[in-house]
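Start at 1 with the first residue, then count along the sequence. Just so you know, these numbers come straight off a predicted model, no measurement behind them.
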Amino acid sequence: METIPPGIQTFVNLRVAETVGPGVRGALARRAKQESGFVLDPLDGIFFLAFFPLVSSALTFARYAHDIFARDEKAVEKGVKPAIGIECGEVLAGTPLKRIVSFQRSTELAGLAYDGQNLIGPAAREVIRPSLAAGFGIIELGEIRLGNSISADHVWQLAISGFPVDFPRIEALDDVGTNITEVPENFIGRDKEAAEIRRALTEGQLVTISGAAGVGKSSLAYWLAFDLVETYRDGAWKVDLAKIPRGGSVATAIAADLKLPSMPNHSNEERVRTMLSTMSGLVWLDNCEHVIVQAREVLPRILKYCPRVKFLLTSRTALGIEEEETFELQPFGVPTDMEEFADSEACRLFMNRAKAASPEFDASPADLAVVAEICRRVDGLPLAIELAAAQVARYSVKTLLARLSEALKASSAKLPSRHKTLDGALSWSYSLLDEPQQKFFRNLGVLAGPTRRDIAVALGRNPRASEEASLAVLRALVSASLVQEVKLGASRAYRLLEPMRQFALAQLDKLGEESAARTKLGKEYLEWLEKLGESKLPEKRWVLLISREMANLEATLNWLISDPKGAKLALQLCVKLISYWLLEGPFDLAHEWCALAFERGKSVPGVATADIYGWIGTFAGYAGSYDAAKAALQRAIQLHGKSGNKEREAVALTNLAIHLRNNGELEEAIKAQRRALELTEEGGQSSVMRLANLAMSLIWGGEIDEAKHYHGKAFELNKVIGDQWARAVLETQATAFDMLENNTASAETNASKCLESYREAGSVQGLLCTIEVVGFLALRVGNVERAAKLIAGAAKHFFTRGVGRPPMDEEKKNDALLEIETALGSELAEALYAEGAQMSLDELYDLARSGVGLGRRIN
């Protein structure tokens, strides 16, 4: 049946063996109707689904199911019994069956149940318990993870008088989740602090580890999270807040790093609150300093809705909210007694790192006294100890102490108290540099990752110095081990180790130079991007060049957007990065950066405001934020209409149509695309892409004949124009027509062409969509293992690129995954999903293209 009656329904799902004949199924269907129930597909499939408006009818039907199996000769001969899953839920009028959570849960429960067992979910238990009839009982089984849920739910067993109730323990479908997988290497000390923080996490919900830079906040948090992964039902997860812009969304980062399912037209905060509401786990928020205000606002609301989630924060400053317990991490103590010092955390850390730097290092009793003095001079700061110990490969401990002492006397007293310990580790090297070298080194502190030599030289260069002299300064810093020279592809690049970078930033801050240095870097990147745009480099080459600089570009944007004087430069950089983001993503962050930069920068000379609205809307749509996309694109359309720019208005209308279509608003999408085509024709032009996009909207709307008409017109026009991107889109449509007509062989051929075309066009999004389609085709022809890898791999790359999936695409994917798990079993399916998720885009492309025909089985 296609129409699901609205109201509270009790779903009864029976997992029945294929050996059970139509007689039993027919009897079940008749009995369900006698109980005023509704039946779906009673004569085929593994599951038999019935649902009832009255819970008493559902229970009577469940008893009847056991009775009829016990009386059926064939079922008794084969030892077949029904496995039943029961769940209740409200059905809204017009809701498709596959979007009803209670239906999905009843299927998952039936899949988990042993033959003869009845499992009920939390909603059904609450409805059944108050009016439990004679002959029925409820047994609690504990918490079990269902399907692909991030969290577990309570599950109960329905006992029916006269039938068995003792069954083996049900195992969860998947293991504890985490993105904290690397074993912490040689973590030393902090046993007391770790015990206290564990206690605080047990008693409370929010713990912040605060303290000075270099005191070991993140190292302790990582070790704790790794150690506690199996303590929590849903594991432990790290969220790296350093990657989001200043003033950006903490909820966005949480949703991304926890891999939460998308919820179109819901804010990321709502997404987090909803998905974590039943989760029991640990979430570690690292690097909170630059979003402290946003964390202070959003976390209390998340805590309220997610009572079983523990949050561990690392931040130089505490949030200062009622729910928080703070632990200020102190440097290691340095005992004066040498026997005590030899057993101390400070000594053990120094010796461990010294051995790593120089395996032959062996401290004599005299050396040990010097080591104690070094640790004392740097106030027991772990980072300082590690950096000092790393120098034993170059200096004896006596020489190291002598240089350290000189540097401390020269500069330690001049720094603010919060920097004294960091100065103890690094200022001795810095003080040995001459003024041009110090200036160069300080400026490199604004780099978040490796950069090209020309950018590094331009950033550090004194305006009065020649390029050759500046390059000589850079080489001197490399020789002094303050700057690393690394390979970036075939070229050389330069970076600071993070402790060095933090020290350089501290010097910039002390001298009031940070804003100037970051602005200088932004201008250098703007000039570089302009030259790159004017170059004749192939698309793949300039995309690669920009991708290597993205860590620095993102850090620069974060700063400029937060600086009132830098917002316009941030917007200029965003404009130059539009083409890159459209090809590579991530769409969610691109949308956030562009929107914030436009809000604060207002305009860019030579760039129409309407175009900026168009880009913001396009990124919002690709990220799955359809309401934001519509608002921005409608504003772009309005402004283009006022200016009389029909071509740009048509572009904005086309983008609006794409996002309306993705959101299932097909009538409005077709209307917008027709208008875009009219504007193009009014200008005396034709557009392959507008014809093709109209055809695609018509396909989704079921208007196949008209879709073929516009597809044909676009195809003939592109024979003349020869647009590579349009060719790929038209091949995608040809594949869609083939799949609708069940012409698998032709669909395989066209999908293969699509893969090549999107690869040549440099469209990652188009390539991923096609890889997913190839997965659907592989499933259709029975190559289930291959389908599992392709579909899971594409989903992983969609997620990492911030692509919001249209609801209908998500439904197709979920249906395919259910079919795969039904065919292979959950254990093998999960293993194949994991293998696909680990594949690079090139590996997925090769897998999709390999073989003669998609139906050939490839292990």
Determine whether Thr618 and Leu633 make a side-chain contact, defined as any pair of heavy atoms from C-beta on separated by less than 4.5 Å. yes
Return the orientation label for the Phe587 and Tyr622 ring planes: parallel under 30°, perpendicular over 60°, tilted otherwise. tilted
Below 4.5 Å, heavy atoms only, C-beta onward: do Val575 and Trp615 meet side chain to side chain? yes
Are Glu756 and Arg849 ion-paired here, with the side-chain N under 4.0 Å from a carboxylate O? yes
For Asp705, does the CG atom have more than 12 heavy-atom neighbours from other residues, nucleotides or ligands under 6.0 Å away? no
Looking only at the side chains, is there a donor atom on one of Tyr580 and Ser547 sitting less than 3.5 Å from an acceptor on the other? no
Decide yes or no for Ile699 and Leu740: does some side-chain heavy atom of the first lie under 4.5 Å from some side-chain heavy atom of the second? yes
Geometric class of the His659/Tyr626 ring pair [parallel <30°, tilted 30-60°, perpendicular >60°]: tilted
Go through the side-chain N and O atoms of Thr252 and Asn268 and say whether any donor and acceptor fall under 3.5 Å apart. yes
Any side-chain heavy atom of Asp815 within less than 4.5 Å of one from Glu819? no
Walk me through it: do Arg675 and Glu678 pass the test salt bridge (Lys or Arg N to Asp or Glu O under 4.0 Å)? CA-CA 5 Å; Arg675 178 56 183 156; Glu678 288 174 5; 3.3 Å; yes
Using the six-membered ring of Tyr845, assess whether NZ or CZ of Arg759 lies under 6.0 Å from its centre and within 45 degrees of the ring axis. yes
